[in-house]
Structure formats: structure tokens, C-alpha cells
Visitor: 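First the structure, which I've put down as C-alpha cells, then a few questions once you've had a look.
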2 protein chains.
Amino acid sequence: MRVTIKDVSRVAGVSIKTVSRVMNKEKYVRDETRRRVEAAVAQLNFSPSLAARTLAGSRSFQIALIYDNHSPYYIHAIQEGVWARCRAEGVRMLAQPVDIASENLAQEIGGLIDETHVDGVILSSPVTDAPEALAELERRGIRFVRISPGTNHAITSSVFMDDAQAADDMTMHLINEGHRRIGFILGHPNHMASDQRHYGYRRALDRAGIDYEPDLVRPGLFDFASGMAAAEELLKRRAKPTAIFASNDDMAAGVLSYAHRMGLDVPQDLSVAGFDDTDLAQLVWPPLTTIRQPTRDLAYAATGLLFGQDEGAIHQRLPHELMVRASTTRVRP
Amino acid sequence: MRVTIKDVSRVAGVSIKTVSRVMNKEKYVRDETRRRVEAAVAQLNFSPSLAARTLAGSRSFQIALIYDNHSPYYIHAIQEGVWARCRAEGVRMLAQPVDIASENLAQEIGGLIDETHVDGVILSSPVTDAPEALAELERRGIRFVRISPGTNHAITSSVFMDDAQAADDMTMHLINEGHRRIGFILGHPNHMASDQRHYGYRRALDRAGIDYEPDLVRPGLFDFASGMAAAEELLKRRAKPTAIFASNDDMAAGVLSYAHRMGLDVPQDLSVAGFDDTDLAQLVWPPLTTIRQPTRDLAYAATGLLFGQDEGAIHQRLPHELMVRASTTRVRP
DNA sequence: CTGTTAGCGCTTTCAA
DNA sequence: TTGAAAGCGCTAACAG
């Protein structure tokens, strides 16, 4: 039924061990032998059984991607990045949603590792910061890499973007367009990125000699509704901001929605800026100024770390990229 | 190192075969024996190796979900549904993106099956209609189920929603609100759902005794841009439609965006209706009337078919659900 | 109801 | 540079 290594060895006229050597790209195989084996593999259309390789060997050619995130766009970007790198490495990706609030989080992750023999694990936010998950992984001594962890970047391999610099750049961009009253909507308090972005916003104002006004900074929860609510508060002020910078794309979309409802012309009456993991914001309203979050690239890099590339770096800080989607209008003096 | 079935058998004082019986919930194990084994399993925190089970047995406890769809929302919904059912069945889901335009599509799918020994395959659109993929699957005689296939529903197990009835219901809903000039935006010509929805629209008009006006029907491609373009054409007419019904949510979002740009008040000046796989449309503009597409449920049902539940049904037609998100205003007479 | 024996398809180890 | 033998951790097919 199934084509096995034995069939290949028979056709190629070598031992199964030699076929194994070729499949694993080992040295010490004569060129001509290798070619014969490769021909047989192609002829029989042989794909080795992962189960057998896993059982006999020390690798499973599989890694797990663990997440508990309900943003489809985010998950998609993460999966894409991990998947692309896995593909390049000839490894399979096991996508594993979990519930970080679950009592048995550690057990679930442990069971996954035992059952599948995965060679490594990628953690995406917020599983990156679930202590039970981290403890279980460390107890087992399995390789793992965290993507955009909220805390303790240094304790393990992790990748993340330079959030402070990104927010600084965006704020400076708005300042350069003439804005002086720039509203800011904070991110979810649980996420370390929120602090970083807030810090970057403030640092840019400082550098430009603009006073930091606490009234122009409103709380948010990284979702559409809190973006709308924050916009409402900001736009009710006597001294309206001329620009609003939201800490993520969902909130920026909320700001846009509120602005439209109020009959404001964006970007004539109000510039709206945000981060962008996705094409969500662009979809909602094109004239939005966004900083592209390199989620996919982060995931790609994280997976590379798992495979031992870039061994030197304990963690990597990836650059951000300022993308002005459409020109925001300069504020009239 | 690893806890194996042997360790469990030693602790429980039985043979490994008995442990195997308990793990597989076979009959013919004395209750007390079963309990002893279960206690040992719990004590040692034993999770059987999938690789070993796969190699020795006839099942792999894994299925593959194959897709080539670039809508994050859609993929997410599909994954969620498949995943939920897999979890209930104690089976792992292998998410496998592919490129249906690839030369080696069949080979890739074949390789996946050989490597992983998956017990079955779920196909999501548009892989559901890639002849090479279907041929490969049939050649191997592996179980597979298609979700919302574009064509040939009957040739294999498949699940899909009742698109014609959904479109009929939505159209009737608009008619009941007093609308007589209802614009319709067609879906992508490659998708069978497009025809179905068009048919449902027309059938409802017929029943209400409203003439079908070809001018009120514009082509679309299931994306934001084509929705905007179609809206532009429809709203330039001398006899503007009072409502526009788009064949999917992305296009409905495009209609809304264009309406806003034109300063139209939705739903005062124009009712906008669409299908909704996602919360995208709601996000863009809440006062949208939508029919909820049961994507997640379809995926869940498809996976059930794969596991042999509902054996009788070759294919299943799932109901749709009309969800009026916010009241559309009645048209003044 | 329970146990014994023989593999599944590979890699590892060791020898040639 | 190649091959033979011994498992990896389970389940299938039998015996009892």
C-alpha cells in the first residue's frame, strides 16, 4: 500500500540506511549513490512517515504555535509568518488555540508536547505571559520563543518591535504637519506595548517643546468601542485636538467612526493616526495615517530563532516602519 | 525520560495491552482494572505518543484542514469550527495553507497525507473546487468533506448554507420595509454562491410582483473596491435605489464607505444590506442589515461528517439566520 | 476479561 | 562510504 523506505532501497539497489542518509542530507554518500536514491524517491513519489521518523529519531519535524487571541487578523498574520518559516525548514506547524484562563493550561501544553513530540514551541501574546505556560515549558527544557511578550523580555528568546520609537515617529510626523494638540488613546493596561507607545508619544512631544496635557490622553482597551468612547471625550473638549493618535488599529477605526458620525471631515477637520496590524483600518477609511506593525515578520523571525538561526541573540527588536497611507493635511496656522 | 505505556502498566500492575485498552476506551475491561489503570495514568501524567499510535495502528488521530483563502476572518471562522469538533473528538487539526494555482498541488496534498497519515481531510473554498486536489483525494480513497463547494455538491460529502433562501429572505425583508427599487451587487463569478444569491433576490422580487430591473444589478468581486464601484454606479442613476443589497460583507462595507463619502445618511437615505461572515461590516457601520453566514457552524458540521457522524447525509444544507442588526427605516410612500 | 507476540517505518549504533 | 541489527512506543491479531 504505502511506499516505504524499503521500496526505495530496493529500487535504488542500496540499503535502507543509505536511503535514510539521503533523506536526511547526511554527508558520506557517494554522489552517484545519492543520485540513484533521489531518482528512486522521485519515481516512487516517496514521502517518509513522520510518525516513524519521530518514533525512531530524536526530532519530530513539528513545532507548535500556541495562542489565545481573538483577533482574526492578528492570528492570521502570526500563522502566516510561522508557517512561511516552517515551510522553508521542512517542518510542520501545529496551530494550537488554548484558553489562558483554563485551570489546566500547563497540563494541556504538556500533553500536547508529549503526544506530538514537537521540537519547539512558539508562544504568541497573551500566552507569552501566562506564568503556568512558561513554567511548564521551562520544566521540560523544550525550546520556545515568545512573540511580543508583555514582560520580561530577557528571560527567554523573544521578538518584539520597537513600540516606543514607532509612537515617537508617528507623533513627530503629526507635529511636523503642524499639529500641536494631539490626542492620544492608551492601549490595554495589561500589555507592555501600551506603556511603550505612551512613552514614545510623550518623548516626541518633549523633544518638540510641546506641553504634555494629561487631558488629551484617554484610556482605551484596544477595541473599537473604547476607541469611539475616547474620541467622544476628546472631541467634546473646548480646545479640540486637531489630531488623534490611537494605540492600535481597532481603536483608530473607532475614532474614525465617531468622527464620521459627528460629520467631521477626515483629514480636513481631524487627522487620525494609528497602528496597523491589518488592513482593517485602511478598509474603514483610507485617509488614515498608520504605522505598520510587523506581526508577520516577527512571527517569521521568532520561528527562525527556534530553529537555531541567529543563535547569538537572546531577543531581537525588530524595526517598525512608518507608513503614511495618505497624506494628512497640514493644520492651518 | 518519557512516560510510556510500560511505566503505566508497571504501576497499575497489568499488561501494556490492558493499558492500551483503557486508553482506547475498549470494552471488556473490568471496572476495577480500568480504575487502577486510570489512576496510574493520572499519577504519571501519561499522554500516549501519537507517533507510536499512528505507526502501530490504523488511525493517526489527526485530520488536515486545507485552505487557500486570504480572508483572515473567514479562515479564522473555519479553523474555529473544525478545531472545536476535533477537540471534542480528541483529534488534532493540521492547518495547511496551499496555493491552488501551484503546479504541484496534488503532490503537496499527497505528501501531506503520506507524511502525517491523517485520517481525513477538510477542504475549504476555493480548494473545494480544485480538480487536481479532488482527484488526488479520490485516488487515495481518503475521507474528505468540502465546506461550501462551488460546484458538484453531490459528488462528495459537503456542507453549505442555503444561499438562495437567505437572499430571498433579505430581499423580502427590504420589500416589507417599503423598498421597491432595491439594488443588487453580484458576487464573484467563480463562486456558485453568487448565482444562488442572485437567484434568491430575483425570486423574492417576483413573488412581490416587482419587476426585475437589470440596471439595478451590478457586478462585483466580493471585495471592498468592487462594492464601492457598484455603489457609485447605482447611486448615479436618475432613479436611485432606496436600498442596496450586496452579495457579501466586504462589498457591503464598500457601499457604506461610498454612501458616507457622498454624504448620504444610512439608513435614512439608503438602506444597505449584506451577508456577514464576520464582524467586519458591523465594525464599519452598525446600521447595516445582515444575514449571518454560519461559517463556523458549517466547519463544525463538516468535521462531524468526517468523523462519521450523520453518516446518512451525503451533504447537508445548513439553515441561514437572518439577523437585523439595526432597524432599517421604512421608505416613505 | 486479560496477556503474548509480532510488527508499523524509520533512525541509531556499531561494524565493516 | 555503506550496511546489519536493534529498537522507538504503541496496536493488531491471536491465545488463553
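Order of the sequence lines fixes the chain letters, A, B, ..., with proteins taken first and strands second; residue numbering starts at 1 for each chain.
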Visitor: Nearest-Å distance, CD1 (I5(B)) to P (dC10(D))?
Guide: 5 Å

Visitor: Of G57(A) and G13(B), whose closest DNA chain C nucleotide lies nearer the 5' terminus?
Guide: G13(B)

Visitor: Would you check if the side chain of D7(A) reaches a backbone N or O of T4(A) as a donor-acceptor pair within less than 3.5 Å?
Guide: yes

Visitor: To the nearest Å, how far apart are Q62(A) CD and dC10(C) P?
Guide: 15 Å

Visitor: So, is T33(B) close to the dT2(C) phosphate, meaning a side-chain N or O under 4.0 Å from OP1 or OP2?
Guide: yes

Visitor: Could you check which of dG3(D), dT1(D), dC10(C) has an atom nearest any side-chain atom of A52(A)?
Guide: dC10(C)

Visitor: Look at T4(A) and dG9(C) and indicate whether a side-chain polar atom (N or O) is within less than 4.0 Å of OP1 or OP2.
Guide: no

Visitor: Below the 4.0 Å mark, does dT11(D) have OP1 or OP2 next to a side-chain nitrogen or oxygen of R53(B)?
Guide: yes

Visitor: Using a strict threshold of under 4.0 Å (side-chain N to carboxylate O), is an ion pair present between R139(A) and E136(A)?
Guide: yes

Visitor: Side chain of A56(B): nearest nucleotide among dG9(D), dT11(C), dC10(C)?
Guide: dG9(D)

Visitor: Rounded off to whole Å, could you give me the NZ-to-C1' distance for the K6(B) and dT4(C) pair?
Guide: 13 Å

Visitor: With a cut-off of 6.0 Å (strictly less than), are more than 12 heavy atoms of other residues, nucleotides or ligands near CZ of R2(A)?
Guide: yes

Visitor: So, does S49(A) get its side chain near the phosphate of dC8(C), meaning an N or O under 4.0 Å from OP1 or OP2?
Guide: no

Visitor: Report yes if a donor N or O on one partner sits less than 3.5 Å from an acceptor N or O on the other, where the partners are the side chain of R21(A) and the base of dT2(D); otherwise report no.
Guide: yes

Visitor: In whole angstrom, give the distance that lies between atom CG of D114(A) and atom C1' of dC10(D).
Guide: 15 Å

Visitor: Return the nearest nucleotide to the side chain of R2(A); candidates are dT4(C), dT2(C), dG9(C).
Guide: dG9(C)

Visitor: Are T18(A) and dT2(D) close enough that a side-chain N or O sits under 4.0 Å from OP1 or OP2?
Guide: no

Visitor: To the nearest angstrom, how far is K17(B) atom NZ from dT11(D) atom P?
Guide: 7 Å

Visitor: Taking CG from D7(B) and P from dG9(D), how many angstroms apart are they, rounded to a whole number?
Guide: 9 Å

Visitor: Looking at every strand, decide which applies to T54(A) at a 4.0 Å heavy-atom threshold: base, sugar-phosphate, or nothing.
Guide: nothing

Visitor: Counting only side-chain heavy atoms from C-beta out, which of dT11(D), dA4(D), dT2(C) sits nearest to N24(B)?
Guide: dT11(D)

Visitor: Starting at atom CD of E26(B), determine the distance to atom P of dG3(C), rounded to an integer number of angstrom.
Guide: 13 Å

Visitor: So which nucleotide from dC8(C), dC10(C), dT1(D) ends up closest to the side chain of Y28(A)?
Guide: dT1(D)

Visitor: Is the shortest heavy-atom distance from the side chain of Q43(A) to the side chain of V11(A) under 4.5 Å?
Guide: yes

Visitor: Report yes or no: is the cationic atom of R53(B) (NZ for Lys, CZ for Arg) under 6.0 Å from the centre of the six-membered ring of F61(B), at an angle within 45° of the ring normal?
Guide: yes

Visitor: What integer distance in Å separates L55(B):CG from dT11(C):P?
Guide: 12 Å

Visitor: Are Y73(B) and Y73(A) close enough that their ring centres sit under 6.0 Å apart?
Guide: yes

Visitor: Have a look at F46(A) and say if it touches a base, only the backbone sugar-phosphate, or nothing, with a 4.0 Å heavy-atom cut-off.
Guide: sugar-phosphate

